[in-house]
Amino acid sequence: MNKFEDLLNQLANGEIGTIEVSHEEFFVFWDAWNKREDRKFFRGNAQLGGHITYVYDTTVV
């Protein structure tokens, strides 16, 4: 099982506030994220060095 599957579930359920994804782990994260029906609600904020911080945001703009 991909470790990000559990983290994405926790983030969507409000159990955690953010997920930190490093450049090296991105494709492992992407594999888990891409399988989700609610993937459009995960918002990423890119940082220097290729790190991305994801939050779950259902706000429709």
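- Side-chain contact of Q10 with D6: a donor-acceptor pair under 3.5 Å is present, judged by distance alone.
- Classified by interplanar angle (parallel below 30°, tilted 30° to 60°, perpendicular above 60°), the ring pair W33/F29 is parallel.
- For the atom pair NE2 of H51 and NE2 of H23, the computed distance is 10.0 Å after rounding to the nearest 0.5 Å.
- Annotation: the span from E25 atom CD to I52 atom CD1 amounts to 11.0 Å, rounded to 0.5 Å.
- Pairing each heavy atom of D38 with each of Y56, the nearest pair is OD2-OH, 2.9 Å.
- Inter-residue side-chain proximity for I19 and V21 is flagged as met; some heavy-atom pair is nearer than 4.5 Å.
- We find that E5 and R36 are not joined by a salt bridge, their nearest charged nitrogen and carboxylate oxygen being 4.0 Å or further apart.
- Atom CZ of F4 and atom CG of L8 lie 8.0 Å apart (nearest 0.5 Å).
- Of all non-hydrogen atoms in T59 and R43, the two that sit nearest each other are O-NH2, 3.5 Å.
- Under a 3.5 Å cut-off, the side chain of N2 and the backbone N or O of D31 do not form any donor-acceptor pair.
- Residues L11 and E15 fail the side-chain proximity criterion, which asks for heavy atoms closer than 4.5 Å.
- Between the N34 side chain and the W30 main chain, no donor and acceptor come within less than 3.5 Å of each other.
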